[in-house]
Amino acid sequence: MTKLVLSEIRRWHVLERRPLDSATEAALIADPRPGAKAILSAIARRRFDRRSEGQRIRKLLRYETSLWTTGVQLVAGVDEAGMSPLAGPVSAAAVIFAPGARIADIDDSKKLNAATRERLAVEIKTTAIAWAVGFAEVEEIDRINIYWAGLLAMRRAVDGLRTQPEHVLIDARRIRDLTIPQQPIVKGDAKSLTIAAASILAKTARDALMRKLDGDYPGYGFSKHKGYPVKEHLAALRKLGASPVHRRSFAPVRAVLGLPPLPPWPNVIGATVSGHR
């Protein structure tokens, strides 16, 4: 092989990641030049990474696969985002994939950077049989508390699916009054592909909304920290006071407003149900 051919092979099969045919691979193996060995090494690493990712995805699908093999085809994963921020709604997403569907790189949204989440969100929406995002607004969070508001957003996401699931996998919780069989999985966004996909959609949808709210309420840095109680946000809160989208049931916001700490929340199950419609 000439130097020019090696550069073309590197561009096609290393940079552009095209499959390497057996004849070209055999020629590279027989070529003693360092450039040929470097190409083979890069392709070997890629194959190893691909096998490792395949094993990781198979493990992430163990809950879904166990249901698919019993004939339960429409399995939804559900997760929420935005429980801890001092401002903005809490979001949730529900996702249904066809049996056997796989998307590389899916993981708990907290483990991914923003660019990867945005890329995967597009692929998830394209691949899914159905997906939906639901929100519980700040007023609802303050009325029924953040825990129940998170469940309310989850219920809205499930109800928003254009295809009704036969089974629901949920990150660590259980949705009240849901007639569909459901399975809470502790740390489900790291153990189930559909829950992880839901976590990505919930996170990207909420992040997009917080970027919009940054324009509506400038100075707090919502685009940067998405309402989480980071030092920058707390300083802006003290300087500017609370905006209409700050959660008045959260202690740092109450302190700025001069409000006393809230007593322990009463049983608000009824409020949660009535707040759903």
Side-chain angles (χ1 to χ4, degrees), residues 76-96 107-112 117 121 124 131-161 165 167-192 194-210 213 222 225-230 233 245-254 262-277:
V78 182
D79 199 9
E80 43 72 21
M83 298 289 282
S84 301
L86 305 179
V90 60
S91 63
V95 181
I96 301 175
D107 207 338
D108 173 4
S109 64
K110 296 185 290 298
K111 298 178 181 178
L112 305 172
R117 287 194 298 265
I124 289 164
W131 64 271
V133 174
F135 290 93
E137 302 300 331
V138 170
E139 295 79 4
E140 293 171 313
I141 293 170
D142 290 339
R143 177 165 56 85
I144 63 178
N145 92 19
I146 185 60
Y147 177 83
W148 295 109
L151 287 172
L152 177 57
M154 287 181 171
R155 179 61 185 265
R156 286 172 173 165
V158 173
D159 287 349
L161 291 167
H167 194 97
V168 175
L169 302 175
I170 308 176
D171 185 25
R173 296 197 268 174
R174 185 177 291 275
I175 301 173
R176 286 186 55 82
D177 301 321
L178 186 68
T179 58
I180 304 165
Q182 55 183 304
Q183 181 179 359
I185 302 171
V186 176
K187 297 184 179 179
D189 47 9
K191 297 177 181 177
S192 159
T194 50
I195 295 178
S199 78
I200 292 168
L201 294 192
K203 173 65 174 168
T204 53
R206 188 179 185 280
D207 284 357
L209 179 58
M210 294 308 294
L213 290 177
F222 290 151
H225 53 64
K226 310 303 186 292
Y228 282 86
V230 298
H233 187 188
V245 294
H246 276 95
R247 302 172 180 178
R248 280 147 174 78
S249 54
F250 279 49
V253 180
R254 296 186 69 79
L262 285 173
W265 284 93
N267 186 325
V268 289
I269 293 174
T272 302
V273 174
S274 64
H276 173 63
R277 294 295 182 189

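Note that the structure is predicted; figures quoted are calculated from it, not measured.
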Asker: Looking at residues at least two apart in the chain, or sitting in another chain, which of them share a side chain to side chain contact (heavy atoms under 4.5 Å, CB included) with Ala136?
Answerer: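 Listed in chain order: Val90, Glu140, Ala149, Leu152, Ala153, Arg156.
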Asker: Considering non-hydrogen atoms only, spot the tightest contact between Ile200 and Arg117 and give its length.
Answerer: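 Result for this residue pair: CG2-O, 3.5 Å.
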Asker: Under the side-chain contact (heavy atoms from CB on, under 4.5 Å) criterion, do Val253 and Arg248 qualify, and how do the steps go?
Answerer: CA-CA 6 Å; Val253 180; Arg248 280 147 174 78; 4.2 Å; yes
Asker: At what distance, to the nearest 0.5 angstrom, does OH of Tyr228 lie from CG of Leu86?
Answerer: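 So the OH of Tyr228 and the CG of Leu86 are separated by 10.5 Å.
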Asker: Mind checking side chain to side chain donor-acceptor pair (under 3.5 Å) for Lys226 and listing every partner two or more places apart, or none if nothing turns up?
Answerer: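 With neighbours one apart ignored, the set is empty.
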Asker: Once side chain to side chain donor-acceptor pair (under 3.5 Å) is applied, do any residues pair with His233, and if so which ones, sequence neighbours excluded?
Answerer: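 For His233 the side chain to side chain donor-acceptor pair (under 3.5 Å) partners, ignoring immediate neighbours, are His246.
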Asker: Look up atom CD in Gln182 and atom CD1 in Ile170, then write down how far apart they are to the nearest 0.5 Å.
Answerer: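 Atom-to-atom, Gln182:CD and Ile170:CD1 are 4.0 Å apart.
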Asker: Residues two or more places apart in sequence or in another chain: which of them pass side chain to side chain donor-acceptor pair (under 3.5 Å) with Thr194?
Answerer: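 Residues passing side chain to side chain donor-acceptor pair (under 3.5 Å) with Thr194: Glu64, Ser192.
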Asker: side-chain contact (heavy atoms from CB on, under 4.5 Å), that's the test. Do Ser249 and Ile141 meet it? Break it down for me.
Answerer: CA-CA 8 Å; Ser249 54; Ile141 293 170; 4.1 Å; yes
Asker: Locate the shortest heavy-atom distance separating Arg247 from Val138; write the atom from each residue and the value.
Answerer: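 For Arg247 versus Val138, the nearest heavy atoms are CA-CG1, 4.0 Å.
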Asker: Ignoring hydrogens and angles, tell me if any N or O in the side chain of Arg174 forms a donor-acceptor pair with the backbone of Pro184 under 3.5 Å.
Answerer: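 Absent.
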Asker: To the nearest 0.5 Å, how far apart are CE in Met210 and NE2 in His225?
Answerer: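 Answer for the CE-NE2 pair, Met210 versus His225, is 7.5 Å.
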Asker: For the CZ atom of Arg206 and the CE atom of Met83, what is their distance to the nearest 0.5 Å?
Answerer: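 Separation between the atoms: 11.0 Å.
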Asker: Please identify each residue that fulfils side chain to side chain donor-acceptor pair (under 3.5 Å) with Asp207, with sequence neighbours left out.
Answerer: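 For Asp207, the residues satisfying side chain to side chain donor-acceptor pair (under 3.5 Å) (neighbours in sequence not counted) are Lys203.
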Asker: Is the shortest side-chain heavy-atom distance between Leu209 and Pro89 below 4.5 Å?
Answerer: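 Contact flag for Leu209/Pro89 side chains = yes.
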Asker: Using modelled atom types only, decide if a donor and an acceptor are shared between the side chain of Asp108 and the backbone of Lys111 within a distance under 3.5 Å.
Answerer: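 Not at all, since once roles are kept as given, no pair shorter than 3.5 Å links the two residues.
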Asker: Considering all heavy atoms of both residues, which atom of Ala198 and which atom of Gly77 are nearest to each other, and what is their separation?
Answerer: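 Heavy atoms of Ala198 and Gly77 come nearest at CB-O, 3.4 Å.
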Asker: Could you give the distance from CD1 (Ile124) to OG (Ser199), rounded to the nearest 0.5 Å?
Answerer: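 With rounding to 0.5 Å, CD1 (Ile124) is 7.5 Å from OG (Ser199).
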Asker: For Asn145 versus Trp148, what's the shortest heavy-atom pair and its separation?
Answerer: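 Closest heavy-atom pair between Asn145 and Trp148: OD1-N, 3.0 Å.
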Asker: If the condition is ring-ring contact (aromatic ring centres under 6.0 Å, His included), which residues does His167 pass it with, not counting sequence neighbours?
Answerer: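 Counting only residues at least two positions away or on another chain, His167 forms no ring-ring contact (aromatic ring centres under 6.0 Å, His included).
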Asker: For Lys187, which residues count as a side chain to side chain contact (heavy atoms under 4.5 Å, CB included) partner, sequence neighbours excluded?
Answerer: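 Side chain to side chain contact (heavy atoms under 4.5 Å, CB included) list for Lys187, sorted by chain: Lys191.
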Asker: Identify, with sequence neighbours excluded, every residue that meets side chain to side chain contact (heavy atoms under 4.5 Å, CB included) alongside Ala132.
Answerer: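 Counting only residues at least two positions away or on another chain, Ala132 forms a side chain to side chain contact (heavy atoms under 4.5 Å, CB included) with Leu161.
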Asker: For Arg173, check salt bridge (charged side-chain N to carboxylate O under 4.0 Å, His left out) against everything at least two apart and list the hits.
Answerer: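 Counting only residues at least two positions away or on another chain, Arg173 forms a salt bridge (charged side-chain N to carboxylate O under 4.0 Å, His left out) with Glu80.
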Asker: Run the side chain to side chain contact (heavy atoms under 4.5 Å, CB included) test against Asp171 and tell me which residues pass, sequence neighbours left out.
Answerer: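 Checked Asp171 against side chain to side chain contact (heavy atoms under 4.5 Å, CB included); matches are Asp79, Asp189, Ile195.
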Asker: Testing the basics here: between Gly88 and Leu213, what is the closest heavy-atom pair and its distance to 0.1 Å?
Answerer: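 For Gly88 versus Leu213, the nearest heavy atoms are CA-CD1, 4.4 Å.
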Asker: Nearest 0.5 Å, what's the CD1-CG distance between Ile185 and Leu169?
Answerer: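 Atom-to-atom, Ile185:CD1 and Leu169:CG are 4.5 Å apart.
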Asker: Measure across Pro229 and Ser84 and return the closest heavy-atom pair with its distance rounded to 0.1 Å.
Answerer: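 Nearest pair, atom of Pro229 first, then Ser84: CD-O, 3.8 Å.
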